[in-house]
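Data block below; observations after.
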Amino acid sequence: MRKTVIAGNWKMNKTPAEAETFIAELATKVKNPACEVVICAPFVDLDAVVKAAKGSVIKVGAENMHFEDKGAFTGEVSADMLVSMGVEYVIIGHSERREYFAESDCTVNKKAIKALEKGLKPIICVGETLSQRESGITNEFVAMQTKLALKNISKSDAAKVTIAYEPIWAIGTGVTATVEQAEEVCGVIRATLSQIYDDATAQSITIQYGGSMNAKNADDLLKMENIDGGLIGGASLVVDDFCTIINYCG
Ligand code: 13P
């Protein structure tokens, strides 16, 4: 059976000192979770997070990386740099990166390929805008994003990928997709994975929901057949809220 993964995406929040305090507290509260617990932190916090998480169940992820190995890319960070720090996961193609930093389906695909080559587990984000939803093209759009992100990725590598369905209109807005809306699109993603690979591969891949998931609504979302975890922004900044979500698993 596929893994449930509860991942926090801190975005541009917390200094290294704040990160260390958070992880120390989370580690004492989460001892034997029924899911994989991941914290994705800003680059400058990663060293503190990896050290604080050592010996605990908490896995560490970055929020982005570059697709080249090295070179003249001012301000960028490579997969090798992340691996050398003890980072295991990396978020790729978050809608905020697509919107504010010109990430495209093409760079998302290149980053996913590079992450897998270097042994990082990519969390690939897909999701529609409000106007796309209102135009009735959500399913086609998300299926297309999924296909483009996974172009030239083998079946065995695809099994190491997590897909996060994050409707853009639900991110940071307090408006969560209904369980039916979230389940429908996660089901479309799984059907797309089955089309690209095969049913067994599709059934083995973790598909998360993200977008205003919190301590109140996570329980219902996580009960859905095709929702195997969450990518959590705001609620991952507060230890008790994040723990509540983790405890709904299993
Ligand atoms: P919020 O949980 O703050 O809506 O953010 C979701 C998100 O973008 C996680 O990647």
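Counting starts at 1 for both ligands and their atoms, in listed order. For the single chain, residues carry numbers from 1 onward in sequence order. Everything quoted here is computed from the prediction, not taken from an experiment.
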Proximal atoms of ligand 1 relative to [X] (non-hydrogen, under 4.0 Å):
X    : result
S212 : 1 (P), 2 (O), 4 (O)
L231 : 9 (C), 10 (O)
H94  : 7 (C), 8 (O), 9 (C), 10 (O)
G234 : 1 (P), 2 (O), 3 (O)
G211 : 4 (O), 6 (C)

Self-check item: salt_bridge(D105, K147) N-O dist < 4.0 Å
Solution: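 Answer for the salt bridge query: no.
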
Quiz prompt | Heavy-atom side-chain contact between H66 and K111 under 4.5 Å | solution =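 Counting from C-beta outward, H66 and K111 never come under 4.5 Å.
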
Quiz item: Are any of the side-chain heavy atoms of K118 and D80 separated by less than 4.5 Å?
Solution: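 Yes; the side chains approach each other to less than 4.5 Å.
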
Is [X] in polar range of ligand 1, meaning some N or O pair under 3.5 Å apart?
X    : result
K11  : yes
E166 : yes
G233 : yes
I232 : no

Quiz item: So, D241 versus T244: side-chain donor-acceptor pair below 3.5 Å or not?
Solution: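 Not at all, the side chains of D241 and T244 share no donor-acceptor pair under 3.5 Å.
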
Quiz prompt | V188-I124 co-clustered via ILVMFWY side chain contacts under 4.5 Å | solution =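 Cluster IDs for V188 and I124 differ.
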
Practice problem: Quickly, which of Q145, Q208, E184, E128 forms a side chain to side chain donor-acceptor pair (under 3.5 Å) with Y165? Name it, please. | Solution: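 So the option named by the test is E128.
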
Quiz prompt | Heavy atoms from other residues, nucleotides or ligands near NZ of K51 exceed 12 (cutoff 6.0 Å) | solution =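 Not buried by this count: 12 neighbours or fewer within 6.0 Å.
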
